[in-house]
Amino acid sequence: METSPCYIDPETGDTYPIDSPRWCAHNSQPLMLSELPGIKRSEIDSSERSIWRYAKSFPLRVDSPISMGEGCTPLVNSSFEGIDCSFKLEWFAPTGSFKDRGTSVMLSLLQQQGIQSVVEDSSGNGGASVAGYGARAGMKVKICVPASTQPAKIAQVRAYGAEVYLVPGPREATEAAAIEMAREVFYASHNWHPFFLQGTKTIGYEIWEDLGFRAPDNIVIPAGAGSNVLGCYLAFRELQNAGEIERLPRLFVSQPINCAPIHTAFQQGIEQLQSLDYAPTAAEGTAIKQPLRLTQLIEALESTNGGTAALTEEEIVKACLTLSGSGIYVEPSCAHAAAGFKQLVDHGEIGAEEKTVVLLTGTGLKATSFYSEQLAPADAPN
């Protein structure tokens with residue numbers, strides 16, 4: 001007998017109905033959704049050119065999605081430093097990053113539940129996405145961002161009409177500020193809300209469809225909070241449940257070595273995080289010191305026999321310039337996935353002959369100042 005989808009606290013097993021708005025458990029812990037059955041290829045709505053072609057995989061039916069054609073991004077056969085791979089170009093999205101997948105589903109479901117005013121915290125792309133889709137839906141949006149965020153990202157959020165709050169201090173201070181505001185307005189967080197993962201899982205469904213309804217051998221994912229990692233894990237588990245694939249692809253995470261809690265927890269154990277030092281990184285979008293769903297992320301990597309890679313700042317800069325030199329212009333927060341792919345092949349964790357998809361999640365247009373600094377003539381005035 002099938003049971004209705006529900007929120008579930010992975011730590012306690014407590015469940016909550018999904019027909020009313022909620023962003024955390026009673027104990028203030030993050031929620032997941034109960035396992036869903038997945039869909040078969042015959043259930044894809046091929047008339048819909050967006051993530052909503054997979055609408056039957058979502059936990060609730062949405063009559064009026066907030067959509068601007070997100071998803072259906074290019075999967076480009078390419079190579080990195082001489083090793084073949086396929087790049088999934090996620091910045092081909094309405095606000096310029098993969099976050100639009102999760103935001104479209106999250107805000108669509110919340111609006112259907114009567115939410116018209118939201119607050120979000122972000123280092124840039126998540127805030128831009130919620131601001132853009134909130135504008136599309138006519139919602140009132142407040143976005144908290146670190147004061148150090150790239151100016152181009154802040155300008156984009158403001159252009160959508162959202163109220164912007166610049167928060168001094170580390171990234172976690174921005175989250176705390178948004179949660180404080182959530183006393184008066186709903187917290188539509190791309191890190192906290194499980195509906196967001198229902199959107200990011202469409203990247204897994206899409207890769208499967210891109211490859212002729214087959215799973216790749218490996219997926220390399222730049223991760224901060226890890227929503228794409230969990231999204232891919234959810235999608236391929238659902239496809240396995242539906243009998244569409246026999247095996248899961250191996251999932252790999254790349255992180256900047258200056259802020260690599262997922263890498264450290266996977267390689268050395270979660271207890272090692274207590275003594276982990278952090279430093280600034282050009283990959284600011286993946287600089288999350290305390291991923292909310294770290295236990296679930298490690299489970300996804302272990303269950304798929306995957307792994308992790310950590311990259312120095314020099315390797316991240318080199319990856320940016322190498323990719324842009326081949327026509328692929330991305331921000332540092334995702335360029336390290338390409339360098340991570342090379343590292344994993346060099347270490348023998350991924351076979352060069354295997355089918356590997358590397359996710360590239362944000363456009364270099366959001367990191368103009370970074371590229372300006374890297375490409376400035378040596379004799380340019382300071």
Side-chain angles (χ1 to χ4, degrees), residues 10 32 35 38 75 80 83-88 90 98 197 200-208 210-211 214-241 244-257 259-273 276 283 286 288 291-311 315-316 319 333-361:
M32 296 288 287
E35 192 157 6
L75 182 68
F80 185 79
I83 308 169
D84 290 344
C85 64
S86 295
F87 289 123
K88 186 68 168 163
E90 279 295 283
F98 81 93
L197 299 179
T200 60
K201 80 179 183 185
T202 62
I203 196 168
Y205 275 101
E206 198 167 297
I207 289 170
W208 164 68
D210 287 340
L211 296 178
R214 296 190 304 272
D217 294 309
N218 315 292
I219 306 177
V220 181
I221 307 168
S227 60
N228 270 336
V229 181
L230 293 176
C232 284
Y233 186 50
L234 290 174
F236 286 102
R237 282 184 60 180
E238 289 177 14
L239 287 167
Q240 195 173 48
N241 290 342
E244 286 288 341
I245 60 172
E246 294 184 357
R247 57 164 183 81
L248 301 178
R250 300 173 69 206
L251 302 181
F252 293 86
V253 159
S254 73
Q255 293 199 289
I257 201 167
C259 189
I262 301 172
H263 170 74
T264 300
F266 182 81
Q267 299 290 343
Q268 302 177 33
I270 290 177
E271 65 279 358
Q272 295 300 316
L273 297 182
L276 191 62
T286 47
I288 304 293
L292 283 172
R293 297 184 174 90
L294 183 58
T295 300
Q296 287 74 45
L297 289 168
I298 300 304
E299 177 188 346
L301 297 178
E302 291 179 342
S303 297
T304 62
N305 195 29
T308 63
L311 292 310
E315 289 172 316
I316 294 171
S333 293
C334 67
H336 59 77
F341 163 64
K342 174 67 161 50
Q343 183 184 108
L344 290 162
V345 172
D346 288 347
H347 291 177
E349 296 185 60
I350 287 178
E353 77 287 353
E354 295 173 348
K355 183 62 178 179
T356 299
V357 174
V358 179
L359 302 192
L360 297 177
T361 54

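Values below: all heavy atoms of this structure, side chains included; hydrogens, waters and symmetry mates excluded. The structure displayed is predicted, hence computed values, not measured ones.
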Does the T286 side chain pair with the main chain of P222, one donor and one acceptor, at a distance under 3.5 Å? no
When every non-hydrogen atom of A283 is compared with those of H336, the smallest separation belongs to CB-CD2, 3.7 Å
List the atom pairs, donor and acceptor, that lie under 3.5 Å between side-chain atoms in residues 294-304 and the rest of the protein, sequence neighbours left out.
unit_1	atom_1	unit_2	atom_2	d
S303	OG	Y233	OH	3.3
S303	OG	E299	O	2.8
T304	OG1	L251	N	3.2
T304	OG1	A300	O	2.9
T304	OG1	L301	O	3.3

Within this structure, what is the CG-CD distance for the pair L273 and Q268, rounded to the nearest 0.5 Å? 9.0 Å
What distance do I350 atom CD1 and I83 atom CD1 have between them, rounded to the nearest 0.5 Å? 9.5 Å
Would a distance-only check, ignoring hydrogens and angles, find a side-chain to backbone donor-acceptor pair under 3.5 Å from T264 to P261? no
If we ignore angles and hydrogens, is there a donor and acceptor under 3.5 Å between the side chains of Q255 and T308? no
Check: K355 main-chain N/O paired with D217 side-chain donor or acceptor under 3.5 Å: yes
Does E246 CD have over 12 foreign heavy atoms under 6.0 Å away? no
Tell me whether E354 contacts the main-chain N or O of G351 through its side chain, where contact means a donor paired with an acceptor under 3.5 Å. yes
Side chain to side chain contact (heavy atoms under 4.5 Å, CB included) between T361 and S333, intermediate numbers included: CA-CA 8 Å; T361 54; S333 293; 5.8 Å; no
Atom pair CG (N228) and CG (L359), whose distance is rounded to the nearest 0.5 Å: 5.5 Å
Testing the basics here: between A223 and I262, what is the closest heavy-atom pair and its distance to 0.1 Å? CB-CD1, 4.0 Å
Any heavy-atom pair between the side chains of P216 and L211 that's under 4.5 Å? yes
Of all the heavy-atom pairs spanning G38 and E238, show the shortest one and how long it is. CA-CB, 3.5 Å
Between Q343 (side chain only) and A310 (backbone N and O only), is there a donor and an acceptor less than 3.5 Å apart? yes
Do the non-hydrogen side-chain atoms of H263 and V253 ever get within less than 4.5 Å of each other? no
Determine the minimum heavy-atom distance between I245 and F236, stating which atoms define it. CD1-O, 3.4 Å
Results of ring-ring contact (aromatic ring centres under 6.0 Å, His included) for F80 - residues two or more places apart only: none
Between the OG atom in S86 and the CG atom in D210, the distance rounded to the nearest 0.5 Å is 9.0 Å
Cationic N near anionic O, under 4.0 Å, E206 to K88: yes
Return the minimal non-hydrogen interatomic distance between R250 and E349, and the atom names on each side. NH1-O, 2.8 Å
Test side chain to side chain contact (heavy atoms under 4.5 Å, CB included) applied to F341 and L344, step by step: CA-CA 5 Å; F341 163 64; L344 290 162; 5.6 Å; no
So, for F252 and G306, which heavy atoms are closest and what is the spacing to 0.1 Å? CE2-C, 3.7 Å
Got a second to check how far E244's CD is from W208's CH2, nearest 0.5 Å? 4.5 Å
dist F87:CZ -> T356:OG1 (nearest 0.5 Å) comes out at 10.5 Å
Which is it for L75 and V357 under the side chain to side chain contact (heavy atoms under 4.5 Å, CB included) test, yes or no, and what are the steps along the way? CA-CA 8 Å; L75 182 68; V357 174; 3.9 Å; yes
